[in-house]
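The structure appears right after this line, and notes come after that.
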Amino acid sequence: MGTQKRIGILTSGGDCAGLNAVIRAVVHHAVNTYGWEVLGIRQATQGLMVRPPLASSLTPDKVDPFLTAGGTMLGTTNKGNPFAFPMPDGSLRDRSHEIIEGYRLLGLDALIGIGGDGSLAILQRLAQQGNLNLVGIPKTIDNDVGVTELSIGFDTAVSIATEALDRLHFTAASHSRVMILEVMGRDAGHIAISAGIAGGADIILIPEIPYTINGICQAIKQRQEAGKNYCLVIVAEAVRTEAGESVTLDSDVEQCRLGGIGQYLSKQICSRIDAETRVTVLGHIQRGGTPSPLDRLIGATFGVAAVDLIAEEKYDRVVTWQNRHVRSVSIREAILHYAAVNPEGTLVKTARGLNIYLGD
Ligand code: F6P
């Protein structure tokens with residue numbers, strides 16, 4: 001059984017499918033294998049700023065019903081960096097010491113933080129400052145944490161985007177239209193290229209590969225000339241205009257929201273060739289709903305591995321999925337290695353081999 005411990009777990013950053021599978025695995029392994037106590041901390045690090053901290057004991061029977069549920073049973077936020085926390089009067093305040101104090105008030109021996117690269121960087125800074133025992137678990141539909149081949153949530157997001165293309169296929173063919181599907185992914189094109197190949201897109205646009213409107217129009221015309229009356233386009237939200245401007249929904253400095261590239265492309269295509277276009281923005285649908293079996297599987301694996309790291313008192317590490325195995329690397333290494341789509345990589349070669357227009 002080892003030493004009795006009390007550990008905390010929190011989810012931070014944007015939610016995604018599969019988070020509850022991680023929480024469930026952590027609770028089962030920590031409680032049943034090691035006999036520890038697990039406290040679920042609500043609303044990411046903000047739950048540790050509140051007095052008393054927003055935390056409650058998690059047991060297997062409490063977490064089991066959430067295995068198939070989307071989102072996170074602990075709540076989360078992708079706003080409010082504790083080192084520059086926005087206050088009601090508009091000022092920014094460093095509230096990191098309150099979080100560290102919250103950890104101590106709960107009497108935690110260790111903390112498991114589930115987050116993307118931004119959240120992991122914040123948690124690591126907190127851990128260093130407060131000497132907290134931290135283990136990280138990577139989650140993000142964007143799949144851009146470079147040290148792991150898979151992050152929680154990515155597989156479900158790709159499944160949803162692929163299903164959207166499958167559905168658009170028929171309506172596109174019925175109306176002889178160019179259907180543009182805009183997907184998330186932040187600065188990386190992983191969702192777009194994976195779903196684009198899986199869903200039979202004709203054009204895949206990702207931020208890592210430049211394109212021209214002319215190239216897109218040529219690809220559509222070639223299809224028309226070959227007797228194909230419709231065209232499926234998938235575009236990642238961070239793709240820029242032809243002139244290189246990013247397309248955003250607002251100008252929030254902390255978390256500026258991408259969106260609108262689909263409409264931009266639609267207008268450009270219609271102004272140059274004889275094609276009817278429609279745009280679908282998939283948005284947060286990619287983050288919700290039942291997690292795929294793979295996200296549950298990776299979630300369970302990461303949860304168990306994170307608890308084992310704590311049992312071995314190996315802190316300041318992130319669990320990763322590499323070559324069919326769960327491993328761990330230092331959090332610093334995880335933050336340093338951002339992974340965009342490799343323009344020379346396998347998926348790009350595959351897409352080109354399928355004659356998909358990717359850019360020039
Ligand atoms: O990082 C995950 C993500 O879903 C991105 O793909 C997207 O750009 C962003 O979060 C959306 O954030 P919000 O939930 O704040 O709209």
Side-chain angles (χ1 to χ4, degrees), residues 10-20 22 43-46 70-72 74-81 84-86 113-123 136-148 150-162 164 181-196 204-208 234-240 245-264 279-289 291-292 295 298-299 318 334-335 337-341:
L10 58 79
T11 46
S12 179
D15 76 329
C16 60
L19 293 173
N20 293 319
V22 183
Q43 298 304 123
T45 50
Q46 290 186 25
T72 161
L74 296 175
T76 188
T77 176
N78 60 3
K79 291 203 182 300
N81 175 352
F85 195 84
I114 312 171
D117 53 354
S119 300
L120 290 174
I122 288 173
L123 287 168
I137 296 182
K139 66 88 220 170
T140 166
I141 65 165
D142 308 337
N143 209 30
D144 53 4
V145 179
V147 290
T148 184
L150 283 173
S151 294
I152 310 293
F154 175 65
D155 185 65
T156 305
V158 170
S159 303
I160 293 166
T162 303
L181 177 67
E182 181 180 312
V183 295
M184 284 184 167
R186 204 71 212 168
D187 299 317
H190 295 290
I191 296 177
I193 194 152
S194 301
I204 300 176
L205 301 174
I206 56 174
E208 295 85 350
I234 186 165
V235 57
E237 62 181 355
V239 166
R240 292 172 175 248
E245 288 150 359
S246 76
V247 187
T248 58
L249 296 171
D250 55 35
S251 54
D252 181 333
V253 188
E254 194 188 3
Q255 191 60 266
C256 131
R257 288 189 305 146
L258 297 164
I261 186 66
Q263 284 296 346
Y264 163 82
V279 180
T280 303
V281 181
L282 207 46
H284 293 79
I285 288 172
Q286 291 156 98
R287 297 218 310 236
S292 69
D295 272 328
I298 298 291
V318 176
I335 298 161
H337 289 87
Y338 176 82
V341 174

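Remember, it's 1-based here, ligands and their atoms both numbered in the order they're listed. Excluded from the calculations below are hydrogen atoms, water molecules and symmetry mates; all remaining heavy atoms, backbone and side chain alike, are included.
In this structure, of K139, K79, E237, the residue bringing a heavy atom nearest to atom 8 (O) of ligand 1 is E237. Of all the listed residues (R186, R257, R287), R287 holds the heavy atom that lies closest to atom 10 (O) of ligand 1.
Ligand 1 has H284 within reach: a non-hydrogen atom of the residue lies less than 4.0 Å from it. Heavy atoms of L258 stay at 4.0 angstrom or farther from ligand 1. Heavy-atom distances between G116 and ligand 1 stay at or above 4.0 Å for every pair.
Contact of the V318 side chain with the P138 side chain is registered, since non-hydrogen atoms from C-beta on lie closer than 4.5 Å. Put simply, the side chain of I191 reaches to within 4.5 Å of the side chain of F154, judged on heavy atoms.
Residue G185 approaches ligand 1 through these ligand atoms, each under 4.0 Å from one of its heavy atoms: 6 (O). Atom numbering of ligand 1 starts at 1 in the shown order; those under 4.0 Å from a heavy atom of N78 are 12 (O), 13 (P), 14 (O), 15 (O).
One distance of note links CG of L282 with CE of M184; it measures 8.5 Å at 0.5 Å rounding. Between I206 atom CD1 and S194 atom OG the span is 9.5 Å, to the nearest 0.5 Å.
Of the residues listed (L258, L205, I234, V235), the one engaging E182 in a side chain to side chain contact (heavy atoms under 4.5 Å, CB included) is V235, and it is the only one.
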